[in-house]
Structures are given as structure tokens and as C-alpha cells.
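What follows is a short report on a single structure.
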Amino acid sequence: MSHSKRLLFLLFSVFTIGAIVLTACGGAATTAAPAATQAPAATQAPAAAKKLEIFSWWTAGGEADGLNAMFDIYKAANPGVEIINATVAGGAGTNAKAVLATRLTGGDPPDSFQLHAGLEVEKYSPDQYLQPLDDLYASEGLEKVFPKDLLSLLKYQGHYWGVPVNIHRANVLWYNKQIFADNNLKPPTTFDEFFTVAEALKAKGIVPLVLGTKEGWESGHTFETILIGTLGAEAYKGLWTGKTQWTDPGVTQALETYKKMLTYANTDHSALTWSEGAQYLVDGKGAMHIMGDWTDGWFTSKSYKGYGWAPVPGNAGIFDALSDSFALAKNPPHADEATAWLKVAGSKAGQEAFNPKKGSICARTDCDLSLFNDYLKSAAGDWQKDAIVPSVTHGAAAIESWATAYKDAMALFATSGDVAATQAALQQACVDAKTCK
Ligand code: GAL
């Protein structure tokens, strides 16, 4: 597929003036530096240990494993540096983004931090708080190893602000293969098939659809895939440019479909995170789970191999995409160590260590695919041939304030089920973002 197709991913990027709200504080876990091999002279004070603080929201299995694998590559190349692994739990950066904004504006930046490629960077006022990475891109030859569309997405105000480590897919239907085989079922390709399958599973006392909506973003994640499956790639993209109205009957239909799907979901979903929801599949208690492919990393971390994957109904041939990058704070406490970190993040070795565990494909185009499992090999193929659409829940489709209003409306919908009120709220969010009238 040509790069121009994936450039569409960029076309829906608009700059954000995000409200910064402090919602939580994060803990930091430290990874001890390797012991010094040489004792300091008796008369000298020991040299201060070199440090590097990396900020992310990667705490779940798979996510944490991937990050640690990249840390290992870093430590091998930079012995004696103590890595401070500053994580703030909460999928999709629910809590981390607010904590990060407060740290940046408060003059207490981590050295380097997780940032979705594209839109989030504006939220952090890059000219004030971030260091452009153009020199690093030049010294490491990064423009030659990332897809052009991704490079465009990463450029803001003429500069690169993050080094991308991966490409994630958001619109995956994970299922328990044994349950499907035992019940002679096939993964549903349409919403009608979904409801037929769900009825059959329900009759057997199996939870058809597993959700975890505890953190407030997961309902929006699920619904964006239903919007894609209902409207198709072009009309879905149009929602973020004003070409498709949120008053469209297709949006009503998607809300009705989601409402009906929720009647087949686990009743405890509001108490569960995404990974606690996925545990239903591992335990053989739930049949299907809609989530991004960090779930593949999480399953792998559990040594669980009984899962199958398919596009969410109606999503065949469409890749709902996002990318994680690492940014550099302006005047970071440990500048040299941070630059060395970004080199690892952009390197082939770093990405080959990180992505098979994280459940994502490399942002680089030259990774060795044989290192990846069957799911990730299939995702790499789909990335090449599918229509690419931007994920709103993970920063790619809309300005931050709009994405937040969208997520909040959909979190409420998961309990209210009020189609008319939710569609009005979604329309208002588009108006507030100055995309709809
Ligand atoms: C996304 C992020 C992924 C994964 C997921 C769940 O926003 O890009 O890397 O961490 O959240 O936390």
C-alpha cells in the first residue's frame, strides 16, 4: 500500500488546546543500577550515580515487560545509569497525562515521557516544555527508518517532538478459541452475526462480551470500533473533520448497536480495568473482548495461548491506528542519559526487544518479523494493506478536549444507555471543537 493511504492518519489531526486537570499522583519504582566495578579512591566522595527518569502509564503485563526489555538494552549500552521507572497506572494515560502536565508546568519534568504520536504534544506546550528532536533524528537517521506518514504525524510546528516506538491497532475482537470450538461458533464478521453468536453463548451460561470500563476510556474505545463497523472508514474519518455529522442516522444506529451489545456484557464491567476484563477469556468465563493489541502483549505475559483474533464486526480491512512515542523534556535533569534513551527507543534493537512483548509492531520498517508471534505478523500485514483510520481514544483523531468530551459521553452511556442524550452530547462536543456547527 502506498504511504499516501496511511497519510490519512495525519489528515484528521488538529491541534489541541487541552485543559490540564490534575487527577492523580503517581508512584515511582526504581531499578537499581548495576554495582560499580571499581571502588572509589578512599579520599574521594563516591561519584553521584547517573540517573534517567522515564515516565509512562505502562504498568500492566506486556506493557511493563516491553518497557523493561527496552530498559535492558539501555542498561547494556549505558552501564551505571540508574533508571527511575516513573509509571502512573491507568490505561490510555487516564491518570498519567494529567500528572505529566502538572510536572512539566511545575518545573519538575521527568527526563523522557510517553506521548501519543500526533495530537497530544500540543497539550504540553512543546515550545515551552519540550526539546525538539530534529538533531537526534538527523544523527540517528530516523527519517529513513520510519514510514513517511508517521513522520508527518510526529512533526508539529516544523519539529519532531517524539521518537515513536510502535504502531498499535485498536479495533481487535479477541476471543476464547476453545469456547468457540466447543460451541461450533465462528467469530462474528457483522453485528447481526455478533448477536446470533452472543445469544448462543448466553444460552450456555457464558458471558458473550467482556468489558472493563473502570477507568472511563474503555467505553469510548469500544464505541469507536462500533462507529467504524457501522459507518465504514471514510464516514468514520469524516466525524473528525465535519464531513460526517454526529446527528447522522449511522451514529444513532451505532449507539443502538452498542446499547444492545452491552446487554450481553459482564455485569461487573464498571469495576474492572481492560486487563481484568481480558482475564475472563483466560479463565474460560467470557468469550469475546474488544480491545487494542496491547491485549496480545498482556496474554503473552500470562503465557495464555488460547486466544484468537478477528476484526471487530464490520471492521475487516480497516486498521484503527495509534502510535506511542517518547519525548524529551526541555532542560531535563539528566540530559545525556535521556538522549541515550531516545537513541535506544528509536533503534532496531530497542524496538525488536520492546514490541514482541508489548503487543505492537515496530514503528521502524526494518524489524525482523520472525521475532513476532502470529498475531503481530498478521497485524504487520494488515498495516500494509488496510485502510488506516485514526483512534480518537488514543490521541490520533481529534483535539484533546474533544477526545475527552467524547470519552466522557461514552463512559456515561455505558451506564445510562440514553441514545438521544448521548448523540446530542457527541454533537455538542463536535460543536465545542469548532468542527460542527
Ligand atoms: C494506549 C497506549 C498503549 C497502551 C494502552 C493501554 O493509549 O498507546 O500503549 O498502553 O493505552 O494502556
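As the structure lists them, so they are numbered: ligands from 1, and atoms in each ligand from 1. These numbers come from a predicted model, not from an experiment.
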- Message: Any nitrogen or oxygen of Asn166, side chain or backbone, less than 3.5 Å from one on ligand 1?
- Response: no
- Note on the structure: Under 4.0 Å from one or more heavy atoms of Lys358, ligand 1 contributes atoms 3 (C), 4 (C), 9 (O), 10 (O)
- Task: State yes or no: are the ring centers of Phe354 and Trp58 separated by less than 6.0 Å?
- Result: yes
- The ring-ring contact (aromatic ring centres under 6.0 Å, His included) partner of Tyr124 among Phe113, Phe55, Trp161, Tyr129 is Phe113
- Got the closest protein heavy atom to atom 6 (C) of ligand 1, with its distance? Glu63 OE2, 3.2 Å
- Aromatic plane relationship, His394 with Trp294 - under 30° parallel, 30 to 60° tilted, over 60° perpendicular: perpendicular
- Message: My understanding is that only one of Glu224, His116, His221 makes a side-chain hydrogen bond (donor to acceptor under 3.5 Å, both in side chains) with Ser391; could you say which?
- Response: Glu224
- With backbone taken as N, CA, C and O and side chain as the heavy atoms from C-beta onward, which portion of Leu322 lies under 4.0 Å from ligand 1: side chain, backbone, both, or neither? side chain
- For ligand 1, which atoms sit closer than 4.0 Å to a heavy atom of His394? 1 (C), 7 (O), 11 (O)
- Task: On the 0 to 90° scale, with breaks at 30° and 60°, tag the Tyr406-Trp240 ring pair as parallel, tilted or perpendicular.
- Result: perpendicular
- Using a strict 4.0 Å cut-off to heavy atoms of His116, name the atoms of ligand 1 that fall inside it. 1 (C), 2 (C), 7 (O), 8 (O)
- Task: Anything under 30° is parallel, anything over 60° is perpendicular, the rest tilted; go ahead and classify Trp309 against Tyr307.
- Result: tilted
- Query: So, Arg169 and Asp386, do they make that salt bridge, N to O below 4.0 Å?
  - Reply: yes
- Using a strict cut-off of 4.0 Å, indicate which atoms of ligand 1 neighbour a heavy atom of His168. 3 (C), 9 (O)
- Message: Need the ligand 1 atom indices (1-based, order shown) with element for anything under 4.0 Å from a heavy-atom of Trp57.
- Response: 1 (C), 2 (C), 7 (O), 10 (O), 11 (O), 12 (O)
- Query: How close does the nearest protein non-hydrogen atom get to atom 8 (O) of ligand 1, and which residue and atom is it?
  - Reply: Asp324 OD1, 2.6 Å
- Message: Taking distance alone, with N or O pairs closer than 3.5 Å, would you say Trp294 contacts ligand 1?
- Response: no
